[in-house]
Amino acid sequence: MRDYNPHAVERKWQHRWADRRAFEVTEDPARPKFYSLVMFAYPSGHAHVGHVRNYMIGDVVARMKRMRGYNVLHPFGWDAFGLPAENAAIQNKTHPEKWTRDNIAHMKDQLQRLGISYAWERELATCDREYYKWNQWLFLKMYERGLAYRKRSAVNWCPSCQTVLANEQVNDGRCWRCETEVETRDLEQWFLRITQYADELLDQTADLNEWPDKVLTMQRNWIGRSDGALVSFALVDADGEATTDGIEVFTTRIDTIFGATFVLLAPEHPLVDRFIVESPESDAFRTRVGQFRALDRTARLTGQIEKEGFDTGRRAVNPFTGESVAIWVANFVLAEYGTGAIMAVPAHDQRDFEFARKYGLPVRVVIQPPDAVPLHGDTLDAASADPGRVVDSGEFTDLESAEARAVMTRDAESRGCGRGQVQYRLKDWGISRQRYWGTPIPIIYCDACGPQPVPVDALPVELPTIDEFTGRGDSPLAQVPEFVNTTCPSCGGNARRETDTMDTFVDSSWYFYRYCDPHNDTAPFDVDKVKYWGPIDFYSGGVEHAILHLIYSRFFCKVLRDLGLVEHDEPFTRLLTQGMVLRHGAVMSKSRGNVVDPDEMTTTFGADALRLYEMFVAPPEKEIEWTDAGLEGSARFLGRVWRMVMPLADVVARGDTPPLDTLDLGSAERALRRKTHDTIRRVSEDLDPRRVHLNTAVSALMELVNDLYAYCEGARIGPFTPDVEAPAAGAGPASLAVVCEAIEALVLMLSPFTPHLAEELWESMGHADGVDAAGWPTFDAAVARAEELVLPVQVNGKVRARVTIAPDTSDEDLRKMALSQPQVQAHTTGKRVSRVVVVPRKLVSIVVK
RNA sequence: GCCGGAGUGGCGAAAUUGGCAGACGCGCUGGAUUCAAAAUCCAGUGAGGUUCACGCCUCGUGUCGGUUCGAGUCCGACCUCCGGCACCA
C-alpha cells in the first residue's frame, strides 16, 4: 500500500478539476439550483487562515449540494477598488492597479491550492472597466429616478484618508479604517436615497428567518425607526403676541406635552441665526453660539460633555397649554435628527431634567406611573420616563400614555399645529470619495446646463492613468486636465467632469448578481439568468459586515427590483456570520504581524488537513484563537482514514461482495451498519444550510472511523491483517460487505471537507466518475434503528441502574423491570414508592419517600 | 444606560423538544510494536472519597434562589466577558 502523500494527491486533483472545468455551470431549468456565496475578498496581498475558514464553509455547503444533485453556482471575485491600494501606491511608488493585480494573482494562486470548488470562469474584479461601467450605469438609473442626488451638507471627513466617510463608516467618532478622529466638513456630495426604503428594509427583517437574530437586531437598531409627532410652537413677538411663525419639534411623547416647560434648539438650528440678527446684543449672542458650534464633534456625538445652554430671550407658545415658554439653545440637541429642536419635558425626560435643574427651569409632572407614589415636580430627583396615567393635562387628564399619544396627535392635527411623524436614525448614503482608486461618478458639470449625466453610450467613464500619487490635496482626478475637461452632453459647450469616485461599498452591493452573468457587455446582467440563480441560498462572511455591506446590498436589491431587473425582495436567503480567526487575541493583519499563512500549513500538513481542521475546531459562527496544535490531529485523522480505506479499496473495486440484504449479519455487523447509517443521518442534518454544524459533522465521521477500526480489529481485516497483501484474508462476505458499505459512505461524506483525499480514495475504490456522480449517501432508517435500548433508572433524580430493553417494550414491563433492579431495590427498600415516571425510550424515574 | 450573545474538564468543544453532562479532538499517562526513536495500534484520563477487586458513594455546567419526578437547558435576581447602539428627543 502506498503512503498518503497529500501534496501529490492534491496537485493531481486540482489539475484534474481544472482540466475538466468541473465547477463551471450554466442555467439548467431541469435541475434545482443552489447559489452558495462567500463574501468576496479585498486583495490586500496575502490570504490568511481567517479567509480560508470562510471560503471552506461555503465550499463544504457547495460541494454537499452538488453531490445532492443541485446545479450549484459557487463563484469568487475581488473587491478590488479601495484605499489600501492607493496608500500602497503613495508609499511604494507603484500604481494602484499594478499593486491590486499582483495581489489578486498571488491570492488566487493561494486559494487554488486549497481546492475550493469555484467557478473561476466567472471571476470578477470590481476595478475591471467591464465591471465599474455597470456601477456607473446603475448610478445613472438611480439618478433618473431621483435616488441619486447631490446636496451640500456637513459630512464626516477623515483627515488621514483625505476623504469623506459615510455615517456607517464612523465608529465612536473615528474612521472605521484608520481610527483617526473624524472632522466635519461642508461639501457638495452625492447621496443615494436609502431612506426611501427605510420602512421596507426594517419591515422585511421579519422575513429573514434564516439570518442570525444578532444581525437583524443590529440592522433594526441602525435604521432606528421611531413613531412620534411633529408639533409646532408659535413664536412670540416683541410685544408678547403669538405670530404665525413657529418652531417645529419632533417628539415621541406628545402625551407629556402639558409638561413641556421650555423649548431647546440645536446650536446649528436656522432660527438661531435669525435670533442673533434680531437680538439687541447680537455680538454677544453670536459669540455664545459660536462657542457651542465649535464644541468637539466627537465629544458631542458620544455624549461625553456636560449639558449646557443659554436663554435666547425669545419665547414660544405651547400649543396645548397656551403658555408662553422660554426658548434656549442647548449643546446636546442634535441638528441632524428630527427638526433640530425639541420640547423639553423635564419631569419625564432625564436629559431635560438635568438641564432644568441646572438652570432652575420649571419641572411639571403630567404622567403618574402606576404603583408609584404620587410624583411632584419640586421633589423629583430624576425624570420618570415610564408611561402611566396622564394628569394635570386638561381634557386629556386620566388617559393612559399610549391612548393619550393617539388622541393628542389627532387633536394637534385638527387644530393645525401638529401631525403624526415617523423618524429614522438611518440617513441617506453619502457615496462621494475624494480618492483615485474607485469608480468615477458619471456626471458632467456645465455652467450653462448644470449637472448632466454622462450618456449611457459613453460609459464607462474610465479612470485615467496617473503616474504619481502624493496623497495631498483634493481628489486626485481633479489634477488630470484631460479627464476633467470635457464637453457638455447637452449643449456641447465646455464642461467639467465630477472628480470624486464612488464609495467602494457601491461595488460590493450588487456583485453577486454580476456573477450570474459576468461577461455581459450590454447590461449589468441578464434578467433571466438572475431569475434562475437568485436569490443567494447561502451567504457567509464576517460579522463585521452585519450593517454596512448587508444593509447596502439589501437596498440595492430593492432598487434593482423596482427597476425590473430582479424579482425577489431580499438578496440573501440564509446568512451565516463566520467568527473571526484571531492570533494573540487580535484579528490577523499584515501591520500587526500576526498573520498565519495557509501556504505554510498546506506545505506541512496538506490542504485537506488545513480544511478539515478549520471546520472541526469550533462552530463556524464562533471566534477562534489560532493554534497549530489541533491541526496535527486533523492530519493524523486523514492518515487514519487512508490506512483504513486503502487496503480495502481493491475489495470494493472488485464489487463481488454480496448485496447486504441477502446476508445473515451477526450482531457486530449489524452494529457497524447501524453506525454507518446513523452517521449518514447526523452528517446530513449537520450540513443542512440552515444548520451548518460542521464541527459536529466532522466528529461524527471520526466516530465512524473509530468504530471501523474497532470492528476491523475484531474481524482481523483491513489494517489489522498481518499480511498487507491480503487485507481481506479470512474475512467472511458479511464482514467485507458491511465494511465496504461503511468506507464508501465515509469517503463520500468526507469529500466536502477533504475533497482531494476523498476523490483519490474513491477512485482507488474503482469509481471512475468522481464523488459528484456517486451522489450523497442514502440514509436507511430501518438499518439505523436501534435493536435494543439502554435506559437509565433514576431514584429521586439520581441514576441508580440501567435496563436494557427491546424498543417495543411496554411501559408497564419497563416499570416492572426498573423496580426489580437490585441497585434500585437498594435505594427503595424500606421506603414508600410514591411515583414512577416512565418516559418511553428515554428513562424511568422513581420517587420514594 | 439600552439591545443582543456567551460563561461547561488542563485546552478547543458536544449535548436538535427539560431526560445518563463532558461525544469528538488536543494534551497527558500507561501498554503493544521497535536495538532505540519517530510513526502506528490499544487502553486510561472532570474532582474527591471508598474497596484487595468488580464496583459503589459524594460533588460538579459563572453565583444565589425557584419551578419540576428530573434543569447546562425553563423562571427570578446578580456577577463576569464579548458584540452592537448610544444626549436619536
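Within every chain, numbering begins at 1; the chains are lettered A, B, ... in the order of the sequence lines, protein sequences first and strands thereafter.
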If you measure from the [atom1] atom in [N] to the same atom in [M], how many Å do you get, rounded?
N	M	atom1	value
B/C64	B/A71	C1'	16 Å
B/U73	B/G18	C1'	7 Å
B/G76	B/U68	C1'	16 Å
B/G1	B/G19	C1'	41 Å
B/C52	B/G46	C1'	26 Å
B/C59	B/G70	P	14 Å
B/U45	B/C26	C1'	13 Å
B/G10	B/U33	P	34 Å

Requested in this report: Find out whether A/E621 and A/V543 are in side-chain contact, i.e. whether some heavy atom of one side chain is under 4.5 Å from a heavy atom of the other.
Outcome: no

Quick check: are there more than 12 heavy atoms from other residues, nucleotides or ligands sitting under 6.0 Å from [atom1] of [X]?
X	atom1	value
A/R690	CZ	no
A/R691	CZ	yes
A/K842	NZ	no

Using a cut-off of 4.0 Å on non-hydrogen atoms, how would the nucleic acid contact of [X] be classed: base, sugar-phosphate, or nothing?
X	value
A/D352	nothing
A/G338	nothing
A/H827	sugar-phosphate
A/S226	sugar-phosphate
A/Y424	nothing
A/V790	base

To the nearest angstrom, how far is [X] atom [atom1] from [N] atom [atom2]?
X	N	atom1	atom2	value
A/R225	B/C85	CZ	P	21 Å
A/N706	B/C24	CG	C1'	8 Å
A/E621	B/G83	CD	P	18 Å
A/I342	B/A89	CD1	C1'	5 Å
A/R643	B/U33	CZ	C1'	14 Å
A/L550	B/G84	CG	C1'	14 Å
A/K307	B/A89	NZ	P	14 Å
A/D386	B/C2	CG	P	12 Å

Pairing nucleotide - [N], Watson-Crick or G-U, each distance under 3.5 Å:
N	answer
B/A23	none
B/A14	none
B/C56	B/G49
B/U61	none
B/U40	B/A32
B/C2	B/G84
B/U68	none

I'd like a table of donor-acceptor pairs (distance under 3.5 Å, sequence neighbours excluded) in which one partner is a side-chain atom from residues 698-714 of chain A, with atom names and distances.
residue, atom, partner, partner atom, Å
A/S699, OG, A/N695, O, 3.4
A/S699, OG, A/T696, O, 3.0
A/E703, OE1, A/K675, NZ, 2.8
A/E703, OE1, A/R682, NH1, 3.4
A/E703, OE2, A/R682, NH2, 3.2
A/N706, OD1, A/R640, NH2, 3.0
A/Y709, OH, A/R640, O, 2.7
A/Y711, OH, A/E669, OE2, 2.4
A/Y711, OH, A/S735, OG, 2.8

| field | Carboxylate-amine/guanidinium proximity below 4.0 Å for A/R681 and A/E685 | value | yes

Closest to the side chain of A/M702, out of B/C24, B/A89, B/C85, is B/C24

Looking only at B/A23, B/U58, B/G84, the nucleotide nearest the A/E703 side chain is B/A23

Check: Hey, what's the ring geometry for A/F779 with A/H677, parallel, tilted or perpendicular (30° and 60° as the breaks)?
Finding: tilted

Q: Indicate the ring-plane relationship of A/Y359 and A/F355, choosing parallel, tilted or perpendicular according to the 30° and 60° boundaries.
A: tilted

Residue pair A/R640/A/Q423 against RNA chain B: nearer the 5' end by closest nucleotide is A/R640

Taking only side-chain nitrogens and oxygens of [X], does any of them come within less than 4.0 Å of OP1 or OP2 of [N]?
X	N	result
A/R800	B/C57	yes
A/R636	B/C26	yes
A/Y709	B/C41	yes

In 5'-to-3' order, the base (B), backbone-only (S) or no-contact (-) status of each nucleotide in nucleotides 9-19 of chain B, using a 4.0 angstrom heavy-atom cut-off, is ---BSS-B--B

Expected label for B/G22 (glycosidic angle, syn inside 90° of 0, else anti) would be anti

Practice task
Go through the side-chain N and O atoms of A/R419 and A/Q421 and say whether any donor and acceptor fall under 3.5 Å apart.
Solution key: yes

Query raised in the report: Stepwise, does the salt bridge (charged side-chain N to carboxylate O under 4.0 Å, His left out) test hold for A/D349 with A/R253?
Result: CA-CA 10 Å; A/D349 182 286; A/R253 290 298 303 274; over 6 Å; no

